[in-house]
Protein chains: 2
Amino acid sequence: MQLKDINTEEKIIEAAKNAFMKYGLYGARMQDIADNAGINKALLHYYFRNKEKLFDYVFDGALSKYFEQMLVFSDTSLPIKERIFKYIDNIIDFLSEYPQMSMFIIKEISVNEELFYEKVQNIKKDKGVHLIALLNEGMEKNEIPMIDPTVVMMNIHSLCAYPFLASPIFKAIEKSSGVSFHDEENQKLKKSVKEFVDFKLTLNKN
Amino acid sequence: MQLKDINTEEKIIEAAKNAFMKYGLYGARMQDIADNAGINKALLHYYFRNKEKLFDYVFDGALSKYFEQMLVFSDTSLPIKERIFKYIDNIIDFLSEYPQMSMFIIKEISVNEELFYEKVQNIKKDKGVHLIALLNEGMEKNEIPMIDPTVVMMNIHSLCAYPFLASPIFKAIEKSSGVSFHDEENQKLKKSVKEFVDFKLTLNKN
DNA sequence: GAATGGTTTAACCATATGGTTAACAAAAGT
DNA sequence: ACTTTTGTTAACCATATGGTTAAACCATTC
C-alpha cells in the first residue's frame with residue numbers, strides 16, 4: 001500500500017510537471033494530466049485537492065531545485081571565482097538534465113510576478129548569498145577587479161541559462177545542429193562561460 | 001467607417017497580444033480578450049474566425065518583428081563586427097520596447113516546436129543570413145579569429161535576450177533594483193555585450 | 001427613403017472544464 | 001473475521017469555453 005501510495009502520487013507529479021511546463025497553470029488540463037498519469041481524474045483532487053495546489057507543489061519543487069544550484073555561492077572555503085565556476089558547472093549540468101526548468105520558471109513568472117516574488121522570499125530565506133553580493137564581496141576583498149555587479153550577474157546567468165531556453169530557436173533560425181546539449185556541448189558552454197568570467201573577473205587585467 | 005474598422009481590429013490584436021503573451025494559446029480566454037478590447041466576443045470570430053487564426057496572426061507578427069532585427073547581418077557594406085554591434089543595438093532596443101517578445105516566442109516554442117520550425121522557414125526565407133554564417137564568413141576572410149561559431153552565436157544571443165526574459169527573476173533572487181531597463185541600463189547592457197564581442201572577435205588577441 | 005454592405009450585438013449551442021459524490025476495492029488494524 | 005482506513009472509480013454537477021446565428025444597427029450610395 002505504501003508503495004502503491006507513492007506510485008500514484010509520483011505519477012501525478014510527473015504528469016503535472018510535464019503539463020504545467022508545457023501549457024502553464026491555465027493552459028494545462030486536469031483530464032490530460034490524469035490521462036498521462038494513467039489514473040482517474042478524481043484522484044488529482046484526492047491527492048492535491050485542486051489544480052492550483054497541484055501547480056504550487058510542482059512549481060515550488062522546481063524553484064527549490066533551481067536554488068539548490070546557487071548554494072555554492074555561500075561556500076566560503078572557496079575563493080570567489082571558484083564559487084562562480086562551480087555554480088556554472090552546477091547550473092549547466094542541472095539545466096541539461098532538466099532543460100525545461102528555466103522555461104517553466106520564466107513562463108510562470110510572466111503570468112504572476114507578485115506571487116513568484118513571494119514564493120522566492122519563502123523558499124530562499126535559507127539559501128545563502130546571491131551572485132551580486134558575492135561580486136561585491138570579491139571587489140571589497142580585492143579578489144576581483146571593479147565591475148558593475150548587476151551587469152556581470154546578468155551576463156553570467158544569461159550565458160548559462162538562455163541556451164537551454166532557446167535551443168529550438170537556434171535550431172530554426174540559425175539552422176544549427178550543434179545545440180542538442182550532450183556532454184560535449186555542455187563542456188563547450190561551460191568553458192565559454194568560464195572564459196567570460198575570467199575575462200571579467202581576473203585582476204591582472206587592470 | 002474605414003477608420004472604425006481599423007480601430008476594432010487593432011483593439012483585438014492588441015488585447016490578443018497581451019493575452020497570448022501572458023497565458024499562451026491554450027491559457028488565454030477569448031472572452032477576456034474581448035473584454036480587454038472593449039468589444040463583443042463574437043467580433044473576434046467575425047474578424048479572425050477562430051482562436052488559432054487570431055493567435056497565428058499575432059505570433060507571425062511577433063516573429064516578423066523579431067527577424068527584422070537580424071536584417072543587419074546581411075548588410076555587406078559593414079564589416080562583420082560592425083554588423084554584430086548593430087544587431088546588438090537593434091535587438092536590445094527592440095526588446096526594451098517589447099520586453100515580452102522573447103518570452104512570447106520562447107513560450108510558444110515549448111508548446112509546439114514543429115509548427116514553430118515551419119513558421120520560421122516561411123517567414124525567414126527572405127530575411128538574410130544568420131549569425132553563424134556571418135561568423136564563418138568572418139573567419140574565412142580573416143576578419144575575426146578562429147572561434148566556435150555555434151558557441152559564440154549562443155553567447156551573443158544569450159547576453160542580449162535573457163535579461164529581458166529574466167528581469168523578474170533577477171529582481172526576486174538577486175534583490176537587484178538595477179534591472180528595470182531604461183536607457184541607462186540598456187546602454188550598460190549593450191556595452192557589456194559589445195565588450196564580449198570584442199573579447200571574442202578581435203584579431204589582435206591571437 | 002430605400003437599398004446595400006459592413007459592423008455589432010445578445011442569445012444560443014455543444015462541448016469542455018475543474019471539481020464533487022457515493023459506491024466499491026484494497027489494505028491495515030484489532 | 002470484522003472494522004476502519006486509504007485508495008480508486010464512474011457518474012455527475014455547475015460553470016466556462018470557443019464558436020454560431022439571426023437580428024439590429026450604422027454608414028454610404030442612389
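Here is the naming used below: chain letters follow the sequence lines, and residue numbers restart at 1 for every chain.
For A/Glu10 and D/dG7, the CD to P distance is 14 Å, given to the nearest whole Å. Rounded to whole angstrom, the span from the CD1 atom of B/Ile39 across to the C1' atom of D/dG18 amounts to 14 Å. Summarising the geometry, the separation between CG on A/Leu44 and P on D/dT9 is reported as 11 Å, rounded to the nearest angstrom. The separation between A/Leu43 atom CG and C/dG19 atom P is 14 Å, rounded to whole Å. A/Asn7 places its CG atom 15 Å from the C1' atom of C/dA26, with the value rounded to the nearest Å. One can place CZ of A/Arg49 at 7 Å from P of C/dT20, the figure rounded to the nearest angstrom. Atom CZ of B/Phe55 is separated from atom P of D/dG19 by 14 Å (rounded to the nearest Å). Across the protein-nucleic acid pair, A/Asn40 atom CG and C/dG18 atom P stand 14 Å apart, rounded to whole Å.
In this structure, of D/dG7, D/dG18, C/dT8, it is D/dG18 that holds the atom nearest to the side chain of B/His45. Between C/dT8, D/dT6, D/dT20, one nucleotide has an atom nearer to the side chain of B/Ala42 than all others, and that is D/dT20. The listed nucleotides are D/dT8, D/dA10, D/dT21; the one nearest the side chain of A/Tyr47 is D/dT8.
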Under 3.5 Å donor-acceptor pairs involving side-chain atoms of residues 35-44 of chain A, not counting sequence neighbours:
residue, atom, partner, partner atom, Å
A/Asp35, OD1, A/Gln31, NE2, 3.0
A/Asn36, ND2, A/Asp32, O, 3.2
A/Asn40, OD1, A/Ala42, N, 2.9

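Annotation for B/Val72 and B/Arg83: closest pair O-CD, 3.4 Å, computed over non-hydrogen atoms. The two residues A/Asn155 and B/Ser192 come nearest to each other via the heavy atoms ND2-OG, 3.4 Å.
Considering CD1 of A/Ile91 and CG of A/Leu159, their distance stands at 13.0 Å, rounded to 0.5 Å.
Of the candidates B/Tyr66, B/Phe104, B/Phe20, B/Phe59 forms a ring-ring contact (aromatic ring centres under 6.0 Å, His included) with just one, namely B/Phe104.
Summarising the local packing, NZ of B/Lys194 is surrounded by more than 12 heavy atoms from other residues, nucleotides or ligands at distances under 6.0 Å.
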Nucleotide N/O to protein N/O under 3.5 Å, stretch nucleotides 12-17 of chain C:
residue, atom, partner, partner atom, Å
C/dT17, OP1, A/Arg29, NE, 2.9

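The phosphate of C/dT7 has neither OP1 nor OP2 within less than 4.0 Å of any side-chain N or O from B/Thr8.
Using a 4.0 Å heavy-atom cutoff across all strands shown, B/Asn50 reaches sugar-phosphate atoms only and no base atom.
Between B/Lys107 and A/Ser110, the side chains place a donor N or O and an acceptor N or O closer than 3.5 Å (distance only, hydrogens not considered).
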